[in-house]
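Heads up, the thing below is written out as structure tokens.
Each chain gets a letter, A, B and so on, in the order its sequence line appears, and its residues count up from 1. What's counted below: heavy atoms across the whole structure, side chains too, no hydrogens, waters or symmetry copies.
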Amino acid sequence: MMNRRQSRASRHSLSALARAWETRYVIVLAFAYLISFGWLFSAGTDVDIRPSEILVTPGEPLWKTPGDGHLFGTTATGLDLFHLCRIAMARAVAVAAIATALGLALAFLTVMLFAFDPGERRFSLLKSWGRVGVLMPCALVLLIVQAGAGGGITSFVVATSLLISIHSAPAMAEWFEKGEKGHDILSAYVVGLSRSEIVTNRIVPTVIRKLIGIFATLIPQVALVEMGVSFLGMGSERLSIGGLISYGQQVIIEAPWLAIYPGIFASVVTMFLTLLGWLTSRALKSEPIRRFI
Amino acid sequence: MIRFLGQRIFVLLIRLILVFAILSVVIELSYGVFGGSEVHVWQMDFTAPVEPSLMLTGHGGWESVLEPVANSSLVIGITWGVVLLTGYSWGILTARIQRFPFRNLIVLPWLVFACVPGFWWVIQVAIYSYFEWERPGFANEIVVESGPDLMRWWNAVVVAAPLIVLGVAVQIRAVNARIQKESVLPFVRGLYQSGYSNREIFYQNILRRLSGDLVHLSDRTLPLILGGLIFVEAAFRYEGMGNFLLRSLEVSYFPGILVAGLWMAGIIGIVALIREIMVHSLTSD
């Protein structure tokens, strides 16, 4: 048998294949996310979807009950409810993803302010702040902000991301503390690596990997909160699942399907996203954090 | 013990004062700075008539707030009681059968129903009750003037149900995760090799060692339950503190917002105090 040396290209392709095999679960989950988000966001906005225009009952309503041609029935203006649910849910998920990403990024930056400090009690301020924050339910603070600022996406995203950062920063600080107690980190200190090198090259990558899992699990939870805020009329002026359900309540005698189907749709999508989030978190070995929202 | 109790009560009071300060800042920022309101937090008057109650019942005294407090406390009591009972028993059971296939199936119903928006669920109950049972749908549709007020209990249970599902799902996972973490420690292997049975290791060693830690988990669902209460009460038109808060928000009645916020913080704080005392008495032995 000839002992031939492999070409550089074949070595690279083999190592790429090995790496892909190692991260196969993450790749499959990424595809699942792509497909589900693609389906959700491809609903488009080819029709006028301003709630003030479509969620009204004209003199001669164009109701159609769920069935032929319209899986979820139609609104009084004749628009397909299933199509509207997709648009509204895509919006909720997009808002949730932006707020969660901002919140986690802010929490990470806050923790990094303290992470390079060699003191034993460097995170004590963050932790004591977290203990006070737990006394106030997130929904309470969020609703005060939304009601006071007059609603809107911007205030929702800002308030939610601040709440996420306040509640997840203490958990993140614990990851840093735990990360520093590992045998490899102790060995790195013995070898003579500086604290900054250890934090940047050893601990931060582990924390970032966990953050992706937390991000995936938080999205459906924040989307549920967005629906609730919209239901109370404190969301934005745009189409939302909460707004659809709230309108459905007003026309409950004439068109009960308007109060029923948006909720079923939202539940199914939230369940699917929760399942994906849980699988992502498990694949990336993220530690679960205390549910706060 | 008395010293410990005094210390914890002092810490709780400081935390409540901090919550008051934080809520005041949040209200001022939201209404005054972002909302452009001309009324400010420092101008609020606790002696003026309570506007949300005045709108609803015509009585503007603070004693009118006692009824929403009682109604919401009933919901919280039912919810938290069921969450503790079910969450702990289910969580311990899930951890006990960890080696069996399909073990996650017993948690699945809770996790699935926790994804259902609670405010939508109570509307469905109201619709079903009205159309199928021909009974009052929402909570404010009938007032019992004589005889036992069974409707009060029915309404409280309907409001509590989605919160129970959410709380139980979180509690089960927390209890299960904590037991799982303990059961992989080296002492478990040691006991197994010494000839202890699975049952003895689980109930007499792991659970006994974890008693303090498990009590620690008892109040972690409360902020979630209280937060969810606001949405569910509004959807079911239930006259509780959640609805009182929302009406206070609508009419910019700052004392009402602060009272509702402090009521929530007070409940969470007092339960945390009881939990701390329990953990202290368990671990000081």
> Highest number of heavy-atom pairs under 4.5 Å with chain B: which of A:L140, A:V225, A:V268, A:I241?
Replying inline: A:L140
>> Can you confirm whether A:Y25 is buried at OH, in the sense that more than 12 heavy atoms of other residues, nucleotides or ligands lie under 6.0 Å from that atom?
In response: no
> Taking it one step at a time, do B:I123 and A:F231 satisfy side-chain contact (heavy atoms from CB on, under 4.5 Å)?
Replying inline: CA-CA 12 Å; B:I123 294 172; A:F231 171 75; 3.7 Å; yes
> Tell me, side chain or backbone of A:L232 under 4.5 Å from chain B's heavy atoms, or both, or neither?
Replying inline: side chain
> What option among A:A147, A:A159, A:A139 has the most heavy-atom pairs under 4.5 Å with chain B?
Replying inline: A:A147
> So which of B:L18, B:L111, B:V19 has the biggest tally of heavy-atom pairs under 4.5 Å with chain A?
Replying inline: B:V19
>> Taking atom CZ as the centre, does A:F72 end up with more than 12 heavy-atom neighbours from other residues, nucleotides or ligands that are less than 6.0 angstrom away?
In response: yes
>> Looking at every heavy atom in both A:I253 and B:Y130, which two are closest together, and how far apart are they?
In response: CD1-CE2, 4.2 Å
> Does a side-chain heavy-atom distance below 4.5 Å link B:I22 with A:V141?
Replying inline: no
>> Between B:A265, B:G36, B:P117, who has the most heavy-atom pairs with chain A when the cutoff is under 4.5 Å?
In response: B:P117
> Which one, A:V145, A:V132, A:I260, A:L224, leads in non-hydrogen pairs under 4.5 Å with chain B?
Replying inline: A:I260
Using residues 270-277 of chain A as the side-chain source, report each donor-acceptor pair under 3.5 Å to any protein atom, sequence neighbours left out, with the distance given to one decimal.
residue, atom, partner, partner atom, Å
A:T270, OG1, A:A266, O, 2.5
A:T274, OG1, A:T270, O, 2.6

> Is the backbone N or O of A:A259 less than 3.5 Å from a side-chain atom of B:W120, with the two atoms forming a donor-acceptor pair by type?
Replying inline: yes
> So what's closer than 4.5 Å to chain A heavy atoms on B:L245: side chain, backbone, both or neither?
Replying inline: side chain
> Do other residues, nucleotides or ligands put more than 12 heavy atoms under 6.0 Å from B:R237 CZ?
Replying inline: yes
>> Please classify the contact of B:A114 with chain A as side chain, backbone, both or neither, using a heavy-atom distance under 4.5 Å.
In response: backbone
> B:A235 and A:Q249: which non-hydrogen atoms are nearest, and at how many Å?
Replying inline: O-NE2, 3.6 Å
> In terms of heavy-atom proximity below 4.5 Å to chain B, should A:V269 be classed as side chain, backbone, both, or neither?
Replying inline: neither
> Can you tell me if CD on B:E38 sees more than 12 non-hydrogen neighbours from other groups inside 6.0 Å?
Replying inline: no
Quiz: residues 221-233 of chain B side-chain donor-acceptor pairs under 3.5 angstrom, not counting sequence neighbours:
residue, atom, partner, partner atom, Å
B:E233, OE1, B:M241, N, 3.4
B:E233, OE1, B:G242, N, 2.6
B:E233, OE1, B:N243, N, 3.2
B:E233, OE2, B:S72, OG, 2.7

Contacts under 3.5 angstrom, residues 246-263 of chain B side chains, donor-acceptor by atom type, not counting sequence neighbours:
residue, atom, partner, partner atom, Å
B:R247, NH2, B:E239, OE1, 3.0
B:S248, OG, B:F244, O, 2.8

> Looking only at heavy atoms, which of residues 161-171 of chain B get nearer than 4.5 Å to chain A?
Replying inline: B:L166, B:V170
> Counting heavy atoms not belonging to B:R135, are there more than 12 under 6.0 Å from its CZ?
Replying inline: yes
> Rounded to the nearest 0.5 Å, how far does CD1 of B:I268 lie from CG of A:L135?
Replying inline: 6.0 Å
> Closest heavy-atom contact between B:F119 and A:I245?
Replying inline: CE1-CD1, 3.8 Å
>> Is B:F138 in contact with chain A via its backbone, its side chain, both, or neither, using a 4.5 Å heavy-atom distance?
In response: side chain
